[in-house]
Amino acid sequence: MSGQEKHKTDVIIIGAGPVGLFAVFELGLLDLKAHVIDILGKPGGQCAELYPEKPIYDIPAWPVISGQELTDRLIEQIKPFSPTLHLGEMAAKLEKLESGHWKLTTDAGTEIEASVIVVAAGGGSFVPKKPPLTGIEAYENKSVFYAVRKIDPFRGKNILIAGGGDSALDWVLNLQPLAKSIALVHRRDEFRAAPDSVKRMRTLVAEGKIALHIAQLSALKGNNGQLAAVTVKSDAGAEHDIACDTLLPFYGLTMKLGPLADWGINLDRNLIPVDTEKFQTSTPGIFAIGDINTYPGKLKLILSGFHEAALMAQAAYSHIHAGKKARFQYTTSSSEIHEKLGVPD
Ligand SMILES: Cc1cc2nc3c(=O)[nH]c(=O)nc-3n(C[C@H](O)[C@H](O)[C@H](O)COP(=O)(O)OP(=O)(O)OC[C@H]3O[C@@H](n4cnc5c(N)ncnc54)[C@H](O)[C@@H]3O)c2cc1C
């Protein structure tokens, strides 16, 4: 889903990491509907982005599970509650409405109204690392892009892709059939991407279908945000221009707190202090769970975030229902819960 849409829901969860995803489940058990926003194009937060194939050994009842498998299981677990995921969008602006509800606007223009905000933003939003090139801002989102959201605008373009990881190589392989030309620039002739992608890229180079330059980006040439060429520099210091109309730098991602810092919530060194009964922030109606929060004894572990999600959901229910407590029920024995989960009694 993306852009220019208006929605109303009970709870907006910022962050589709493991903790944000599990929060959908705990809220769903209490009949609270959620929309989840993540700047990444896929759910799973750090688990899916930073270590999809690494084994995790401290998820209760899973002696070993990979970051991606944990994400897949969470997605399966929250399916009965049909959350709306807004992926590839950053939670940018938060306003309090006269009704007492919150209005959250994403950088794609999606507006969502809700009674409760749950910040499950981990270490902050993943943002691209930019190449240190003078004046690059003037070209951004015109002819320099840090992510490919839709393939079609790149059809027939002369594209320069920079980087040596999975994103760079995946896009070389995916865009090559439809681009007019593809040049790949990497600082050394070794690639961190999956061996199969590296092999396929090298075949395309050998067939003359893409050009590989072992060099570093050193300058951009163009006008009014439209790129005409990129100057690259080899290790030996030799410079040359590569004609292109599009630059896609894939230098990895870094985490930044981003717009959350401007929402008037008390912060403590880029973390959000919460109480350990409700996991509420200094602002009533805004909760914070997972790696983003801090309290005495906090452990930045997935299992801590799961516990926080369960208590937060009880508090969110009370907040939405004028102080009324949610009825405590076990998932094993409650037929009401079985109905919500779609399991036969
Ligand atoms: C290499 C590595 C190994 C690890 N191993 C373990 C382990 O063995 N066991 C364990 O328990 N933990 C482990 N961790 C830690 C674990 O991954 C984190 O505790 C967990 O991911 C926190 O989950 P979260 O949902 O709070 O945040 P995250 O996983 O960080 O997800 C937060 C999400 O919020 C999004 N976001 C933030 N701000 C915005 C915004 N403004 N708009 C839109 N989206 C936004 C981010 O893009 C991100 O996807 C490991 C971490 C790393 C890096």
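Heads up: numbering here begins at 1 and tracks the sequence. Indexing begins at 1, ligand by ligand and atom by atom, following the structure's order.
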query = Do Glu308 and Tyr295 pass the side-chain hydrogen bond (donor to acceptor under 3.5 Å, both in side chains) test, and can you show the C-alpha distance, the side-chain angles, and the key distance before you say yes or no?
reply = CA-CA 11 Å; Glu308 294 162 14; Tyr295 52 83; 2.6 Å; yes
task = Around atom 44 (N) of ligand 1, find the nearest protein heavy atom and jot down its residue, atom name and distance.
result = Ile39 N, 3.1 Å
ask   = Can Gln226 and Asp245 be counted as having a side-chain donor-acceptor contact under 3.5 angstrom?
value = no
inquiry  = Please check whether Val19 reaches ligand 1 - meaning an N/O of the residue sits under 3.5 Å from an N/O of the ligand, judged on distance alone.
reply    = yes
ask   = Has ligand 1 got any nitrogen or oxygen that is less than 3.5 angstrom from a nitrogen or oxygen of Lys54?
value = no
Taking atom 45 (C) of ligand 1 as the reference point, the nearest protein heavy atom with its distance = Ser125 CB, 3.8 Å
query = Between the main-chain N or O of Val274 and the side-chain N or O of Thr281, is there a donor-acceptor pair closer than 3.5 Å?
reply = no
ask   = Hey, which atoms in ligand 1 end up nearer than 4.0 Å to a heavy atom of Ile56?
value = 7 (C), 8 (O), 9 (N)
query = Do Thr294 and Asp268 have side-chain atoms, one donor and one acceptor, less than 3.5 Å apart?
reply = no
message = Measuring from non-hydrogen atoms of Ala120 to any atom of ligand 1, is the shortest distance under 4.0 Å?
response = yes
remark   = shortest atom 18 (C) of ligand 1-to-protein heavy-atom contact is with Asp291 OD2, 3.3 Å
Any side-chain donor near an acceptor of the partner, His186 and His213, under 3.5 Å = no
message = For Glu336 and His338, which I'm curious about, is there any donor-acceptor pair between the side chains at under 3.5 Å?
response = no
key: Straight-line distance of Ser318 OG to Gln280 CD, nearest 0.5 Å   = 10.0 Å
remark   = If you scan protein heavy atoms around atom 42 (N) of ligand 1, the nearest is Ala91 N, 2.8 Å
inquiry  = Quick test: of every protein heavy atom, which one is nearest to atom 9 (N) of ligand 1, and how far off is it to 0.1 Å?
reply    = Asp58 OD1, 2.9 Å
inquiry  = Show the atoms of ligand 1 that are less than 4.0 angstrom away from any heavy atom in Gly122.
reply    = 26 (O), 27 (O), 28 (P), 30 (O), 32 (C)
request  = Find all atoms of ligand 1 within a distance of less than 4.0 Å from any non-hydrogen atom belonging to Gly290, and give their numbers and elements.
outcome  = 26 (O)
query = Judging by distance only, is a nitrogen or oxygen of Leu50 under 3.5 angstrom from one on ligand 1?
reply = no
inquiry  = List ligand 1 atoms under 4.0 Å from Leu301, heavy atoms only on the residue side.
reply    = 10 (C), 11 (O), 19 (O)
inquiry  = I'd like to know if the side chain of Glu140 pairs up with that of Tyr146 as donor and acceptor (distance under 3.5 Å, no hydrogens or angles considered).
reply    = yes
task = Compute the minimum heavy-atom distance from Gly123 to ligand 1 and say whether it is under 4.0 Å.
result = yes
request  = Run the salt-bridge test on Lys42 and Glu49 with the 4.0 Å N-O cut-off and return the result as yes or no.
outcome  = yes
note = Judged by heavy atoms only, the candidate from Gln46, His86, Glu89 nearest atom 53 (C) of ligand 1 is Gln46
key: atom 48 (C) of ligand 1: the protein heavy-atom neighbour that sits closest, reported with distance to 0.1 Å   = Asp38 OD2, 3.4 Å
ask   = Identify the closest protein heavy atom to atom 3 (C) of ligand 1: which residue and atom is it, and at what distance?
value = Tyr51 CE2, 3.7 Å
ask   = What residue and atom, counting heavy atoms only, is the protein's closest point to atom 34 (O) of ligand 1, and at what distance?
value = Gly15 CA, 3.2 Å
ask   = Counting each atom of ligand 1 from 1 as listed, which ones have a heavy atom of Lys300 under 4.0 Å away?
value = 19 (O)
inquiry  = Heavy-atom pairs closer than 4.0 Å: do any link ligand 1 to the side chain of Ile14, the backbone, both, or neither?
reply    = side chain
note = So the atoms of ligand 1 within less than 4.0 Å of a heavy atom of Met90 turn out to be 40 (C), 41 (N), 42 (N), 43 (C)
request  = Just say parallel, tilted or perpendicular for the rings of His307 and Phe279, cut-offs at 30° and 60°.
outcome  = perpendicular
query = Between the side chains of Ser115 and Asp10, is a donor N or O closer than 3.5 angstrom to an acceptor N or O?
reply = no
request  = For the pair Tyr330 and Phe328, name the ring-plane relationship: parallel under 30°, tilted 30 to 60°, perpendicular over 60°.
outcome  = perpendicular
query = Relative to the heavy atoms of Leu40, which atoms of ligand 1 are at a distance of less than 4.0 Å?
reply = 47 (O), 49 (O)
task = Test Glu239 against Ser218 for side-chain hydrogen bond (donor to acceptor under 3.5 Å, both in side chains), laying out the working first.
result = CA-CA 8 Å; Glu239 283 196 329; Ser218 69; 3.2 Å; yes
